[in-house]
Amino acid sequence: AVDFYHGTTLIGTDTSAPYSALWNVGSMANGAYVLKATARDAAGNTATSSTVSVTVNNPDITAPAVSLTSPTGGSVSNTVTISATASDNIAVASVSFFQGTTLIATDTTAPYSTTWNTLSLPNGTYALKAIASDSSNNTGTSSTVSVTVNNPDITAPTVSITSPTAGSTLNGSVTVSASATDNIAVSKVDFYQGNTLIGSDTSAPYSTSLNTTALSNGAYVLKAIATDSSNN
């Protein structure tokens, strides 16, 4: 018989000439290997061939595996560290982190992680995932992790009166209008003539009616106060 080896690992044995064995390199990592053959006769005597060095160079079609390790879900706020583990049969080139379809950042060295600033996002539920790329541009995607952004809202809304304009002469019933925005949500706009509340509106476009016939002729000051869902 003739036994065929790569290193010390038996590939196969053939008991009849011409002696050969099939070596499946598709499951081998790319790299250098040493082959040899050992012949045995009927009396148990053996002889080993000179070694032959070969290089396995399979095309890489195996995608890397990746999974998010942090956060694992639940409520998050402020700046959050997102971490992942990734492995590949050849080499992981990079891990990219996503919030939905929006790229947060890419890391090219293990341990793979990035920081995610949630302060610029409205409070709510978001899906996080990681995509790993290997040195042959194969990609693998992690399972998504759902988290709830729950930052304290300390940002006041902005508001301005759009009608009437400053210096206008008014008579009869006048519509007072305002525009208002907020990083989360405007809950209402209150309209004042001086310190007197003349009306409130809870939905855009924000407006109320001012009956000037109940006022003496003269100069008056109008203002609007916007309140958001956190009472800023």
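Computed from a prediction, not measured in an experiment: that's the story for all the values here. Values reported hereafter were calculated over all heavy atoms of this structure, with side chains retained and with hydrogens, waters and symmetry mates removed.
Through side-chain heavy atoms spaced under 4.5 Å, either directly or across other Ile, Leu, Val, Met, Phe, Trp or Tyr residues, L119 is tied to no other residue. If you chain together ILVMFWY residues whose side-chain heavy atoms come under 4.5 Å of each other, V221 ends up in a group of its own. In the hydrophobic clustering (ILVMFWY side chains linked at under 4.5 Å, chained through shared members), Y112 is joined by V66, L68, V76, V80, I82, V92, V95, F97, I104, W116, L121, Y126, L128, V145, V147, V149. Under a 4.5 Å side-chain heavy-atom criterion applied to ILVMFWY residues, the cluster that includes I131 comprises F98, L103 as well.
Legend: side-chain hydrogen bond (donor to acceptor under 3.5 Å, both in side chains) pairs involving residues 6-16, not counting sequence neighbours, sorted by first then second residue: D3-T13. Listed by first and then second residue, the side-chain hydrogen bond (donor to acceptor under 3.5 Å, both in side chains) pairs involving residues 42-58 are T38-T48, D41-N45 (not counting sequence neighbours).
The closest side-chain heavy-atom distance from K223 to N195 is below 4.5 Å. Side-chain atoms of P164 and L222, non-hydrogen and from C-beta on, do get closer than 4.5 Å to each other.
Between the side chains of S67 and T85, at least one donor N or O sits under 3.5 Å from an acceptor N or O.
The line from CG of D228 to CD1 of I154 is 11.0 Å long, rounded to the nearest 0.5 Å. The distance from atom OG of S187 to atom CG of N231, rounded to the nearest 0.5 Å, is 6.5 Å. Between the OG atom of S179 and the CD1 atom of I161 there is a distance of 10.0 Å, given to the nearest 0.5 Å.
Environment of CG in N211: crowded, with over 12 heavy atoms of neighbouring residues, nucleotides or ligands closer than 6.0 Å.
The two residues D107 and S113 make their nearest non-hydrogen contact at OD2-N, 3.1 Å. Heavy-atom minimum distance, P64 versus N138: CD-O, 3.5 Å. Nearest heavy atoms, G7 versus K36: O-CE, 3.5 Å.
Contacts of N183 classified as side chain to side chain contact (heavy atoms under 4.5 Å, CB included), with partners at least two apart in sequence or in another chain: D153, T155. Under the rule for a side chain to side chain contact (heavy atoms under 4.5 Å, CB included), the partners of T79 that lie at least two apart in sequence or sit in another chain are T115, N117. Remark: D88 pairs with no residue by the salt bridge (charged side-chain N to carboxylate O under 4.0 Å, His left out) rule, at least two apart or across chains. Partners of S70 by side chain to side chain contact (heavy atoms under 4.5 Å, CB included), not counting sequence neighbours, listed by chain and number: S83.
Checked options N24, L22, L35; the residue passing with I11 is L35 (criterion: side-chain contact (heavy atoms from CB on, under 4.5 Å)). When each of N232, T181, T227 is tested with P157 by the rule side-chain contact (heavy atoms from CB on, under 4.5 Å), just one qualifies, namely N232.
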Quick one: side chains of residues 196-207, donor-acceptor pairs under 3.5 Å with protein atoms, not counting sequence neighbours, listed by atom name and distance.
unit_1, atom_1, unit_2, atom_2, d
S200, OG, D190, OD1, 2.4
D201, OD1, S203, N, 3.3
D201, OD2, S207, N, 3.0

Please list every donor-acceptor pair under 3.5 Å in which a side-chain atom of residues 169-177 meets a protein atom from a residue at least two apart or in another chain.
unit_1, atom_1, unit_2, atom_2, d
S173, OG, S209, OG, 2.9

For this session: For side chain to side chain contact (heavy atoms under 4.5 Å, CB included), just list the numbers for Y33 and W23, CA-CA rounded to whole Å, side-chain angles, deciding distance to a tenth of an Å, and then say yes or no.
Result: CA-CA 12 Å; Y33 292 87; W23 182 32; 4.0 Å; yes

Exercise. Yes or no on side chain to side chain contact (heavy atoms under 4.5 Å, CB included) for V25 and N30, after CA distance, side-chain angles and deciding distance?
Worked result: CA-CA 9 Å; V25 300; N30 288 348; over 6 Å; no

